*Asks:* 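Below are the structure tokens for one structure; questions will follow.
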Amino acid sequence: MQYILFISFLKNSYSCGRLFTLGEIYLYLIVNSGTDNMMNSKFDSQFLGTIQTSFKSMDLPIEVKVFMGFIAIGLGLVSLFFIIKKNNIHIEAKNYFLKTIGFLLGGIFPSLKVEDKSHSDGDRFPDECDNKNLCVSSDREVIKNLINRRMQIDISVERSGQRSLAGMAVIIESKGLVLKCRVTRTVSRHLLNPEVTVKCIFLEMKYAERRVNAFVGKVISFNDDNEIALERTSGFGFIRRRANARRKVADQRFIKIKVWRIIPGKYNPGDCLDRLEPDILIDNRKKGEDKIFPEMILDISKGGIAIKTGIKAGGQKFEVNDAVLMAMLMYAPNKKIFVPHLIQGEVRGVRSLGNGRFRLSFQFLRSLKVPPRKRSTLFKGQALMAAVINNPED
């Protein structure tokens, strides 16, 4: 359309005999194309309105708005509950509320007055707690009690399916999950190598509605100044301090034992049984009521045995961590015979009882196969001992 108007304008300019300026040309086109511009403007306005309507968000149905509102409220409540639980705000709020009620109504109702359970070291204990049964409400309070009270921690390493005490320590500093400890007693230092998993057991505490006394960690370092760094790899839980129940040996005739000091990996069980005299021999043929015996078996469990014995003349004193080979006879009432056992173990405790006698504790590490030719001759008079027990009248 503009093209046609332009041609018409040129014809008019030719008939007039002069050229028009650009302004006159533009004004001419505007005046002569008014009708078309109005139509195009109307069309463009409608098109623009359509586009604006397409991009304009429509109102959501009321049901959808209510549903989205419930989701938002739920997420908010979950987040709030997580924050409160993590920071133990609910416990602080409860204590503050009870103190406020006790303060306001304590004069009228003495039973509502809250007693102050705080101690000089800053620890707080609920009404049912005392120094023997510590109460805590967070991991931070557990660590705080361990540090402030210098509680002893038994550090054990898992070996052969059972725990071996490696040392005892107290926590002196805590940074996040890393605990810096000072070792007060070393039992088996060679077990506390970096990256070794350990179980740490301490005095029992009451944590909310459960008991805690242990955590699992990993050794980071152990220096020559008896400082060990442990990284806590678990939360606080409960572990039985003694994994296996001990049984006292009332009748010494039921258990016999021979002990050889050995070097692990460099000994032959057959040679020990055939050629070497045992460092310890306990074979009491009488009842155990008489306590004058210098050597006797005190107690036994699935994980070890404790004995009272003397060191023979010229013999070497046993030390903690000494490896030993133990040959044992245990009477089986159902079979009415002595059953032989051959066990490799380790000395876990040595205590002097005076007069050249010692209390020795051994841990069982692994069971060995008893040579068939030794099953009935591990101890002299083995069959006769069983016959005497089976026929006490004879």
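Given the structure is predicted, the values throughout are model-derived calculations rather than measurements. Computed over heavy atoms, backbone and side chain alike; hydrogens, waters and symmetry mates excluded.
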*Asks:* Distance-only, no hydrogens or angles: does the Asp279 side chain make a donor-acceptor pair with backbone N or O of Arg261 under 3.5 Å?
*Replies:*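 Between the backbone of Arg261 and the side chain of Asp279 there is a qualifying donor-acceptor contact (under 3.5 Å).
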*Asks:* Rounded to the nearest 0.5 Å, what's the gap from CZ on Phe202 to CG on Leu134? Could you check?
*Replies:*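 The distance works out to 10.0 Å.
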*Asks:* Answer whether the closest heavy-atom distance between the side chains of Val347 and Glu319 falls below 4.5 Å.
*Replies:*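 No, every pair of side-chain atoms sits at 4.5 Å or beyond.
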*Asks:* Do Leu192 and Val183 come close enough that some side-chain heavy atom pair is under 4.5 Å?
*Replies:*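 A side-chain contact under 4.5 Å is absent here.
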*Asks:* Grab the two heavy atoms, one from Arg359 and one from Leu298, that are nearest each other, plus how far apart they are.
*Replies:*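 What the structure gives for the nearest pair is NE-CD1, 3.6 Å.
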*Asks:* I'd like to know if Lys266 and Asp271 make a salt bridge, using a cut-off of under 4.0 Å between side-chain N and carboxylate O.
*Replies:*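 No, no charged N to carboxylate O under 4.0 Å.
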*Asks:* Quick one: does Val249's side chain get under 4.5 Å of Phe254's, heavy atoms only?
*Replies:*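 Result no, sub-4.5 Å side-chain heavy-atom pair not found.
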*Asks:* Measuring only between side-chain heavy atoms, which start at C-beta, is Leu281 closer than 4.5 Å to Phe379?
*Replies:*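 Contact flag for Leu281/Phe379 side chains = yes.
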*Asks:* Evaluate the criterion side chain to side chain contact (heavy atoms under 4.5 Å, CB included) for residue pair Met151 and Ile153; output intermediate values, then yes/no.
*Replies:* CA-CA 6 Å; Met151 293 185 182; Ile153 297 177; 5.7 Å; no
*Asks:* Less than 4.0 Å between a side-chain N and a carboxylate O, is that true for Asp154 and Arg241?
*Replies:*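 Here Arg241 pairs with Asp154 in a salt bridge, since their nearest N and O are under 4.0 Å apart.
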*Asks:* Is a side-chain donor or acceptor of Asn321 paired with a backbone partner of Val187 at a separation under 3.5 angstrom?
*Replies:*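 Yes, the answer is positive, given that a donor and an acceptor are paired below the 3.5 Å cut-off.
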*Asks:* Carefully, step by step, assess Ile307 and Glu295 under the rule side chain to side chain contact (heavy atoms under 4.5 Å, CB included).
*Replies:* CA-CA 7 Å; Ile307 64 174; Glu295 299 160 338; over 6 Å; no
*Asks:* According to a hydrophobic-cluster definition based on side-chain heavy atoms being under 4.5 Å apart (Ile, Leu, Val, Met, Phe, Trp, Tyr only), do Ile155 and Leu177 belong together?
*Replies:*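 The answer is no; the residues belong to distinct hydrophobic clusters.
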*Asks:* When you measure from the side chain of Lys256 to the backbone N and O of Leu378, does any donor-acceptor pair fall under 3.5 Å?
*Replies:*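 Judged by distance alone, no pair lies under 3.5 Å.
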*Asks:* How far apart are the closest heavy atoms of Ile201 and Arg240, and which atoms are they?
*Replies:*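 Where Ile201 meets Arg240 most closely, the heavy atoms are CD1-O, 4.3 Å.
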*Asks:* With rounding to the nearest 0.5 angstrom, report the CG to CZ distance, Leu329 to Phe338.
*Replies:*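 Taking CG in Leu329 and CZ in Phe338, the distance rounds to 6.5 Å.
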*Asks:* Considering all heavy atoms of both residues, which atom of Asn145 and which atom of Val136 are nearest to each other, and what is their separation?
*Replies:*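 The answer is ND2-CG1, 3.3 Å.
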*Asks:* To the nearest 0.5 Å, what is the distance between CG (Leu165) and CZ (Arg185)?
*Replies:*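 Going from CG on Leu165 over to CZ on Arg185, the span is 6.5 Å.
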*Asks:* Just how far is it from atom CD of Glu277 to atom SG of Cys272, taken to the nearest 0.5 Å?
*Replies:*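 Atom-to-atom, Glu277:CD and Cys272:SG are 12.0 Å apart.
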*Asks:* Flag the pair Lys374 / Pro340 as yes when at least one side-chain heavy-atom distance between them is below 4.5 Å, and no otherwise.
*Replies:*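 Lys374 vs Pro340: side chains apart.
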*Asks:* Whether the side chain of Gln162 engages the backbone of Phe364 through a donor-acceptor N/O pair (distance < 3.5 Å, no angle test) should be reported.
*Replies:*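 Yes; at least one donor-acceptor contact below 3.5 Å.
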*Asks:* Checking Asp225 side chain against Glu227 main chain: does a donor-acceptor pair fall under 3.5 Å?
*Replies:*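 No, Asp225 side chain to Glu227 backbone: no donor-acceptor pair under 3.5 Å.
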*Asks:* Check whether Tyr331 forms a cation-pi arrangement with Arg253 (NZ or CZ under 6.0 Å from the six-membered ring centre, at most 45° off the ring normal).
*Replies:*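 Cation-pi check for Arg253 and Tyr331: fails.
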*Asks:* When you compare the side chain of Leu230 with that of Val219, does any pair of heavy atoms fall below 4.5 Å?
*Replies:*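 Yes, side chains in contact.
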*Asks:* Heavy-atom count around Asp224 CG within 6.0 Å, excluding the residue itself: above 12?
*Replies:*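 Atom CG in Asp224 is not crowded, with 12 or fewer foreign heavy atoms closer than 6.0 Å.
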*Asks:* Tell me, do Pro278 and Val259 make a side-chain contact under 4.5 Å, heavy atoms counted?
*Replies:*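 Of all side-chain heavy-atom pairs linking Val259 with Pro278, none is under 4.5 Å.
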*Asks:* When you compare the side chains of Arg182 and Thr184, does any donor N or O come within less than 3.5 Å of an acceptor on the partner?
*Replies:*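 No.
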*Asks:* Please check this pair: side chain of Ser234 against backbone of Val216, looking for a donor-acceptor N/O pair closer than 3.5 Å.
*Replies:*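 Checking the backbone N and O of Val216 against the side chain of Ser234, a donor-acceptor pair under 3.5 Å is found.
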*Asks:* Do Arg210 and Phe238 form a cation-pi contact, if we require the NZ or CZ to be under 6.0 Å from the six-membered ring centre and within 45 degrees of the ring's axis?
*Replies:*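 Relative to the ring axis of Phe238, which defines the angle, Arg210 lies outside at least one limit.
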*Asks:* Got more than 12 heavy atoms from elsewhere within 6.0 Å of CZ, Arg150?
*Replies:*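 It does not: Arg150 CZ has 12 such atoms or fewer within range.
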*Asks:* Is a side-chain donor-acceptor pair under 3.5 Å present for Arg351 with Ser361?
*Replies:*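 No.
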*Asks:* Would you confirm whether Asp139, through its side chain, and Phe236, through its main-chain N or O, come within 3.5 Å as a donor-acceptor pair?
*Replies:*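 Such a contact is absent between Asp139 side chain and Phe236 backbone.
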*Asks:* Do Ile280 and Leu365 sit in one hydrophobic cluster, given that two such residues count as connected whenever their side-chain heavy atoms are within less than 4.5 Å of each other, even indirectly?
*Replies:*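 No: no chain of side-chain contacts under 4.5 Å links Ile280 to Leu365.
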*Asks:* Counting only heavy atoms not in Ile71 (residues, nucleotides, ligands), do more than 12 fall under 6.0 Å from its CD1?
*Replies:*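 Check passes, neighbour count above 12.
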*Asks:* Minimum heavy-atom separation for Ile239 to Lys199, with atom names?
*Replies:*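 Closest pair (atom of Ile239, atom of Lys199, distance): CD1-CD, 4.1 Å.
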*Asks:* Are Met205 and Ile143 grouped together when hydrophobic residues (ILVMFWY) are joined by side-chain heavy atoms under 4.5 angstrom apart?
*Replies:*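 Looking at the clustering, Ile143 is in the same group as Met205.
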*Asks:* Check the hydrophobic clustering (I, L, V, M, F, W, Y; side-chain heavy atoms under 4.5 Å; chains of links allowed) and say if Met385 and Val370 are grouped together.
*Replies:*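 Met385 and Val370: one cluster.
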*Asks:* Does any donor atom in the side chain of Asn193 or Glu195 lie under 3.5 Å from an acceptor atom in the other side chain?
*Replies:*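 Glu195 and Asn193 do not have a side-chain donor-acceptor pair below 3.5 Å.
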*Asks:* For Gln252 and Ile297, run side chain to side chain contact (heavy atoms under 4.5 Å, CB included): C-alpha distance rounded to whole Å, both residues' side-chain angles, the deciding distance at 0.1 Å, then the answer.
*Replies:* CA-CA 7 Å; Gln252 294 294 311; Ile297 298 171; 3.8 Å; yes
*Asks:* Considering all heavy atoms of both residues, which atom of Val198 and which atom of Val157 are nearest to each other, and what is their separation?
*Replies:*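 Answer, listing the atom of Val198 first, then Val157: CG1-CG2, 4.0 Å.
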*Asks:* To the nearest 0.5 angstrom, please state how far the CD1 atom of Ile172 sits from the CG atom of Leu146.
*Replies:*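 Ile172 CD1 to Leu146 CG: 13.5 Å, rounded to 0.5 Å.
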*Asks:* Ion pair present between Asp283 and Lys258, side-chain N to carboxylate O less than 4.0 angstrom?
*Replies:*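 No, this pair does not count.
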*Asks:* List the steps, then state whether side chain to side chain contact (heavy atoms under 4.5 Å, CB included) holds for Leu325 with Leu368.
*Replies:* CA-CA 9 Å; Leu325 174 67; Leu368 305 175; 3.6 Å; yes
*Asks:* Output the distance between atom CZ (Arg149) and atom CD1 (Ile171), rounded to the nearest 0.5 Å.
*Replies:*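 Answer for the CZ-CD1 pair, Arg149 versus Ile171, is 14.0 Å.
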*Asks:* Flag the pair Ser367 / His341 as yes when at least one side-chain heavy-atom distance between them is below 4.5 Å, and no otherwise.
*Replies:*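 No, every pair of side-chain atoms sits at 4.5 Å or beyond.
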*Asks:* In the single-linkage hydrophobic clustering (I, L, V, M, F, W, Y; side-chain heavy atoms under 4.5 Å), do Ile282 and Met330 co-cluster?
*Replies:*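 Yes, Ile282 connects to Met330 through the hydrophobic network.
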